[in-house]
Trainee: 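Following this message is one structure expressed as structure tokens.
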2 protein chains.
Amino acid sequence: MAVDTGVLGLEILELETLASILKALADPNRLRVLDALMAGDSCNCELNERLGLAPNLLSHHLRVLRKAGLVSARRDRIDGRWIYYAVNETAVTQCRIALNTLLDPARIQPRPILCGPEGQTNS
Amino acid sequence: MAVDTGVLGLEILELETLASILKALADPNRLRVLDALMAGDSCNCELNERLGLAPNLLSHHLRVLRKAGLVSARRDRIDGRWIYYAVNETAVTQCRIALNTLLDPARIQPRPILCGPEGQTNS
DNA sequence: ATAATAATTCAATCTCTATTGAAGTAACGG
DNA sequence: CCGTTACTTCAATAGAGATTGAATTATTAT
């Protein structure tokens, strides 16, 4: 999880890193998976029942989310066949902060056009 | 811009709509473009100078952002050859709210496992 | 009309990715 | 050891998307 001042001078995450996390989020099925995990840890089969997605497809999406750092996995203490997935709260929060910074309406400047004919009248 | 109660019962945007907006955001170059536009309206050529991206590539990315509703375009009043791009504040805000809702840490439930052997001890 | 300018569209390429079905792993129970 | 269970990985397909260079549109200036 790359953390620095960022290209924008505002972001917690690098622009490239933020883009890759957004890529992981930018899928309806993965949003559903993440939303389901927000309500509590789940195994593959429970997600299967709740979301109606094939186990191997869930595996794929869970791997993408895990690769992005948004989700973590652990095996059942009693029966190692079961794997429980959980939301990585710190990653989610970092993502949230980065997006709130980037998309902050206060950053939208009504700066006059600087290029083009209209811009000439605003110099 | 589809607006309703949403699949999650919490979102302002439909899950599918949110995913498509995130897809538009999930690219480093488009994040740069959006960030540049947050600082003020720009034409293609100014973005070209500031970001070092080819005009046709910028055109492509601007179209994606526009299709997602995040950016709007208008022609110069004096010289119609120039097109100025601007951030759509309402869309950006809606996206922000939807993400803040979805990624709200307060929604992360430490719910005990319900499936698997561990779950049996939590019934 | 002709040339020049700002921007878009087209065509081609290359990569990435979501999905599906089949096969493979890992772990438990008898 | 054998079968079952939970999950993953593999292979194949089909579609989407980023990038580049060439051609095109729209608008203005001469």
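Computed from heavy atoms alone, side chains included, the values below leave out hydrogens, waters and symmetry copies. This one's a predicted model, so the numbers in the text were calculated from it and none came from an experiment. Here is how names work: the chains are called A, B, and so on, in the same order as the sequence lines, proteins then strands, and each is numbered from 1.
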Trainee: Check this for me: does the side-chain of A/Asn56 come within 3.5 Å of the base of C/dG21 through a donor and an acceptor?
Mentor: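 Donor-acceptor pair under 3.5 Å: yes.
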
Trainee: Taking B/Arg32 first and then A/Glu16, would you say they form a salt bridge - that is, a charged N and a carboxylate O separated by under 4.0 Å?
Mentor: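 Judged by the 4.0 Å cut-off on N to carboxylate O distance, B/Arg32 and A/Glu16 do form a salt bridge.
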
Trainee: Judged by each residue's nearest nucleotide on DNA chain D, which is more toward the 5′ side, B/Asn29 or A/Arg66?
Mentor: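 It is A/Arg66 whose nearest nucleotide is closer to the 5' end.
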
Trainee: Does the side chain of B/His61 get closer than 4.0 angstrom to OP1 or OP2 of D/dG17 through an N or O atom?
Mentor: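 Checking D/dG17 against B/His61, no side-chain N or O comes under 4.0 Å of OP1 or OP2.
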
Trainee: C/dG21 C1' sits how many Å from A/Leu53 CG, rounded?
Mentor: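 A/Leu53 atom CG is separated from C/dG21 atom C1' by 16 Å.
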
Trainee: Let's see if you can work this out: which of D/dC7, C/dT20, D/dA26 has an atom nearest to the side-chain heavy atoms of B/Arg81?
Mentor: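 The answer is D/dA26.
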
Trainee: A/Lys23 or A/Leu62: which one's nearest nucleotide on DNA chain D is closer to the 5' end?
Mentor: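 So the residue in question is A/Leu62.
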
Trainee: Of the options C/dA27, C/dA6, D/dA18, whose atoms approach the side-chain atoms of B/Asp27 most closely?
Mentor: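 Of all the options, the side chain of B/Asp27 is nearest to D/dA18.
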
Trainee: Measuring from the side chain of A/His60 (C-beta onward, heavy atoms only), which nucleotide among D/dT19, C/dA18, D/dA18 has the closest atom?
Mentor: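 So the nucleotide nearest the side chain must be C/dA18.
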
Trainee: Are B/Asp35 and A/Arg107 within salt-bridge range, i.e. N to O under 4.0 Å?
Mentor: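 A salt bridge links B/Asp35 with A/Arg107.
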
Trainee: Any donor-acceptor pair under 3.5 Å linking the side chain of A/Arg30 with the backbone of A/Leu62?
Mentor: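 The answer is no, because no donor-acceptor pair under 3.5 Å joins these two groups.
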
Trainee: Donor-acceptor pair, distance only, cut-off 3.5 Å: does the side chain of A/Asn88 make one with the backbone of A/Gly69?
Mentor: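 Looks like yes, one N/O pair under 3.5 Å.
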
Trainee: Does the side chain of B/Arg30 get closer than 4.0 angstrom to OP1 or OP2 of D/dA18 through an N or O atom?
Mentor: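 Indeed, a polar side-chain atom of B/Arg30 lies that close.
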
Trainee: Consider the side chain of B/Asn44, meaning its heavy atoms from C-beta on, and name the nucleotide among C/dA7, C/dT9, D/dC7 that approaches it most closely.
Mentor: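 The answer is C/dA7.
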
Trainee: In terms of side-chain heavy atoms of B/Cys45, which of C/dA7, D/dT5, D/dT27 is nearest?
Mentor: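 Side chain of B/Cys45 sits closest to C/dA7.
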
